[in-house]
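Worksheet: one structure, shown below.
Both counts, for ligands and for their atoms, begin at 1 and track the order of listing. For clarity, every value in this text was computed on a predicted model and none was experimentally measured.
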Amino acid sequence: MGLRFCVGLLAVCQRWVDGGRFGGETGGVAETRFGSCTLCEALCGLEFQVDSGRVLSIKGDTRDPLSRGHICPKGVALQDIHEGDRLRTPVRKTDGGWEEISWDDAFDLVVDRLAAIRDEHGRNAVGVYLGNPTVHSLGALTHGTTFLSLLRTRNRFSATSVDQLPHQLVASLMFGHQFLIPIPDIDRTDFFLVIGANPMVSNGSIMTVPDFARRRAELRERGGRMVVVDPRRTETAKIADEHHFIRPGTDAALLLAMVKVVLEKVEGYDEVRDIVEPITVEWAESITGVRGIRELAQDFQAADTAVAYGRTGVSTQAHGAVCQWAIQVLNLITGNLDRPGGAMFTKPAVDLLRLTSAGGRDRWRSSVRGLSEFAGELPVAALAEEIGGIRAMVVSAGNPVLSTPDGRKLDKALATLDFMVAIDPKINETTKHADVILPPTTALERDHYDLVFHALAVRNTTKFSPALFPKPATSRHDWEIFRELGLRYAKRFRDKWFKAQLLRLSPTRIVDLLLRTGSHHLSINKLKKHPHGLDLGPLTPRGLEKIEIAPKFLADAAREVATMPVPQGLLLIGRRHLRANNSWMNDLPRLTKGKARNHLLMHPDDLKARSLSDGDTVKIRSAAGEVTVAVTATEDLMPGVVSLPHGYAAASANDLTDPAVLDVSGNAVLNGVPVTVSAA
Ligand SMILES: Nc1nc2c(c(=O)[nH]1)N[C@H]1C(S)=C(S)[C@@H](COP(=O)(O)OP(=O)(O)OC[C@H]3O[C@@H](n4cnc5c(=O)[nH]c(N)nc54)[C@H](O)[C@@H]3O)O[C@H]1N2
Ligand SMILES: Nc1nc2c(c(=O)[nH]1)N[C@H]1C(S)=C(S)[C@@H](COP(=O)(O)OP(=O)(O)OC[C@H]3O[C@@H](n4cnc5c(=O)[nH]c(N)nc54)[C@H](O)[C@@H]3O)O[C@H]1N2
Ligand code: SF4
Ligand SMILES: [Mo]
């Protein structure tokens, strides 16, 4: 019934939505256009100067209500992605190398092979991996998910389980929906506690905050305070009022000790009190290396408003789920959950909660290790070992050989597949294993409406970004690729044919429908009248109906923290760079000029203890593997900690991370990896 309603409503919408594209030839007169950057979560508004189908310049749009003119160097590089070296037509692997084929032949070939493997080995023999840019491509979201549901495989993997799975698990268990994730109300808080995040470089994550430096300055002007907890004195730590080094992987001890201190002056919450009972501040200080935990907790509690926020440093580690849970408990018991200045929920123009499942876990398990599914996905750390049972892979917008634990093992496993298709404009360390690569258009050639990050932003805003340029007739959008694959696949397996009809709608039309039925009653046409975006105001209290403060699954995991041993030896953490984006964009000269960045960082005392010097080539070893890389001395690291960025093939951090060690959520442990370092 729902679907018929949609189709009917859509026919009406079709008359309203002109579906027209801006762009085209202008013949020598520069034109100004507006849109948004889709490279990271910050959603920066952009102002383009274009002429004759070419970009003349890209700068920040000062009238965008969210980003207020902010732009980073990657945004400018959208031009380079568009104009640079990339696949523009499908290619097929042959004995003589990559060979161009037509779209029609490519779609038929892919569907024939996937269907044959499903016929022979069953549905779960087809595996899927979705990478990070999926969430930044409207069409990959609207059509990729429908295509995947047609495959009906349980072997679904994504970058979620090397990233934010603990946030989603905690949100589903505490608040009832995996995307009901509290966002720091940074614009009104008096005390901003940042744990394991570096928004000065990342521009915010699960906290869309495009102009972090300015908002931080405004916090200071209001007399507010920012405290950072991080094993590295990061770019964010350097502009904080206070920075604490912490031993990687031990944040759960810090957070539970803070909860215990806060509970001394709060009534109730007996189930939490019981969990933190065995924790002492002294023990937590010895484990974490952080001094003044009691004072930190008391200051947080005493602030008029305060918000604790933790990101990949505390989600991609051994106690990721407990950390994310303890952070929300801290917000809750200090009265800062769901109130201005605290941790709040967004009210986006398109309700993400309506579009996605609430969560759910352990409805099936991986076949080798028996790891639990969450929200329909298995932990990607199990992908390599599942290949064998999996005979074919669909990989879209990702590079798991560089981005998931023990990438080398995955590299070898992918080579044994019967068939692989990649949807990606690039031949990378993963897509090189594909039999067929289907390259989508770039961000400048397609309409964008952000379904995900408006829902995770520090302010309610909304914006439609029309395609800057029309796509060449020979190109296909992500959604057109998924549409063609889906329609052909559904024809083979008629059980899902009806569902496939959803694929016929364009993403823009789907968004129009969602906007019209959303709480702000907007439409694409209304948004087109506001090319800089619309401000929908600051975050407002949601009034949560029910909060499960200590769900058993998380409570059990939290009780384990008290038995955590003091970590010994060197611990590896990652890092990000403003001019890099995970494993891609490393081939763009505009972003990569200057010194190489994929070196190991190490404290001078740790170098000296191993008779090493700044600039030496060193060998890093872990339980999973080894890499050889140059080392740089820095006092910005806590002694006993070393840092290597991920995403570089020459020395991949994920040749060191270990798929055998997982957080209870199933998330990979990418930080706090025990390593040794010696002269190469
Ligand atoms: N050790 C360590 N490992 C990590 C991390 C870490 O901090 N440390 N971080 C983790 C995190 S947070 C993440 S999100 C993952 C990211 O890991 P992945 O998502 O696996 O990899 P990406 O590097 O984002 O790969 C992006 C690919 O998408 C392609 N692409 C770009 N735009 C599009 C598009 O519009 N459509 C399509 N179809 N393809 C496109 C690019 O060409 C590139 O090949 O890495 C994780 N891995
Ligand atoms: N320039 C740039 N921006 C990006 C990306 C990028 O690759 N480049 N990637 C995007 C993606 S996919 C994501 S998910 C976000 C990530 O956004 P963030 O999480 O804000 O970014 P990171 O730089 O990974 O920050 C993690 C921090 O945790 C610290 N850390 C490591 N281990 C621990 C630990 O055990 N405890 C504590 N307390 N801290 C620890 C690290 O030193 C680091 O400073 O960034 C997004 N934005
Ligand atoms: S911070 Fe940079 S990459 Fe992220 S949206 Fe803004 S311009 Fe794009
Ligand atoms: Mo990520």
Side-chain angles (χ1 to χ4, degrees), residues 38-42 72-74 81 86-87 129-137 139-140 144 158-160 162-164 194-207 228-237 244-251 254 288 310-319 323 380 395-405 407 422-431 438-443 446 477-478 481 571-586 637 641 643-647 652-654 656-657 668 670-673:
T38 52
L39 291 171
C40 84
E41 300 175 35
C72 89
K74 293 187 296 302
I81 296 172
R86 63 182 160 97
L87 297 174
Y129 175 83
L130 296 184
N132 169 272
T134 307
V135 286
H136 300 282
S137 162
S158 81
T160 290
V162 278
D163 188 346
Q164 79 288 353
V194 179
I195 311 162
N198 188 11
M200 280 298 285
V201 164
S202 68
N203 287 293
S205 183
I206 313 202
M207 171 181 70
V228 172
V229 179
D230 200 299
R232 184 165 75 86
R233 191 176 299 114
T234 60
E235 297 76 358
T236 305
H244 297 273
F245 280 130
I246 186 163
R247 222 170 260 136
T250 65
D251 302 78
L254 164 75
T288 59
R311 202 39 200 103
T312 60
V314 283
S315 62
T316 62
Q317 58 141 290
H319 300 281
C323 288
V380 71
V395 176
S396 183
N399 191 0
V401 167
L402 291 194
S403 58
T404 69
I423 297 145
D424 203 299
K426 288 286 193 175
I427 300 174
N428 65 28
E429 292 72 16
T430 302
T431 62
L438 307 171
T441 51
T442 75
R446 59 193 183 211
H477 296 303
D478 276 313
I481 294 172
L571 298 173
L572 177 74
I573 62 167
R575 72 178 180 274
R576 286 180 153 79
H577 193 282
L578 188 60
R579 292 169 174 270
N581 200 10
N582 294 318
S583 80
W584 63 301
M585 298 176 70
N586 287 331
L637 269 184
V641 180
S643 164
L644 186 71
H646 70 286
S652 174
N654 287 313
L656 297 165
T657 53
L670 309 172
N671 288 296
V673 179

Salt bridge or not between Glu429 and Lys426? Use side-chain N to carboxylate O under 4.0 Å. no
Counting each atom of ligand 2 from 1 as listed, which ones have a heavy atom of [X] under 4.0 Å away?
| X | value |
| --- | --- |
| Asp251 | 34 (C), 35 (O), 36 (N), 37 (C), 38 (N) |
| His577 | 1 (N), 2 (C), 8 (N) |
| Ile195 | 38 (N) |
| Gly249 | 34 (C), 35 (O) |
| Val229 | 38 (N) |
| Gln317 | 35 (O) |
| Val201 | 1 (N), 2 (C), 3 (N) |
| Asp230 | 27 (C), 28 (O), 29 (C), 41 (C), 42 (O), 43 (C), 44 (O) |

Decide whether Ser643 and Arg232 meet the rule of one side-chain donor and one side-chain acceptor closer than 3.5 Å. no
Taking side chain as C-beta onward, heavy atoms only, is [X] less than 4.5 Å from [Y]?
| X | Y | value |
| --- | --- | --- |
| Arg86 | Thr442 | yes |
| Asn198 | Glu235 | yes |
| His646 | Asn582 | yes |
| Leu670 | Thr312 | no |
| Leu438 | Ser396 | no |

Select all protein residues for which some heavy-atom-to-ligand 1 distance is less than 4.0 Å, and list them by chain and number. Tyr129, Gly131, Asn132, Pro133, Ala159, Val162, Asp163, Ser396, Ala397, Gly398, Asn399, Pro400, Ser403, Ile423, Asp424, Pro425, Lys426, Asn428, Pro440, Arg446, Asp478, Arg576, Asn582, Ser583, Trp584, His646, Ala653, Asn654, Leu670
Do ligand 2 and Pro248 have nitrogen or oxygen atoms that lie under 3.5 Å from each other? no
Please check whether Arg579 reaches ligand 2 - meaning an N/O of the residue sits under 3.5 Å from an N/O of the ligand, judged on distance alone. no
Can you tell me which portion of Thr234 lies within the under-4.0 Å heavy-atom range of ligand 2? Options are side chain, backbone, both, or neither. side chain
Decide yes or no on side-chain hydrogen bond (donor to acceptor under 3.5 Å, both in side chains) for Gln164 and Ser315, but give the supporting numbers first. CA-CA 6 Å; Gln164 79 288 353; Ser315 62; over 6 Å; no
Using the side-chain hydrogen bond (donor to acceptor under 3.5 Å, both in side chains) criterion, which residues pair with Thr234? Sequence neighbours excluded. none
Passes side-chain hydrogen bond (donor to acceptor under 3.5 Å, both in side chains), Asp424 versus Thr431? Steps please. CA-CA 8 Å; Asp424 203 299; Thr431 62; 5.5 Å; no
Using heavy atoms and a 4.0 Å limit, tell me yes or no: is Gly672 in contact with ligand 2? no
With Asp163, which residues qualify under salt bridge (charged side-chain N to carboxylate O under 4.0 Å, His left out), at least two apart? Arg311
By ring-ring contact (aromatic ring centres under 6.0 Å, His included), which residues pair with His244, not counting sequence neighbours? none
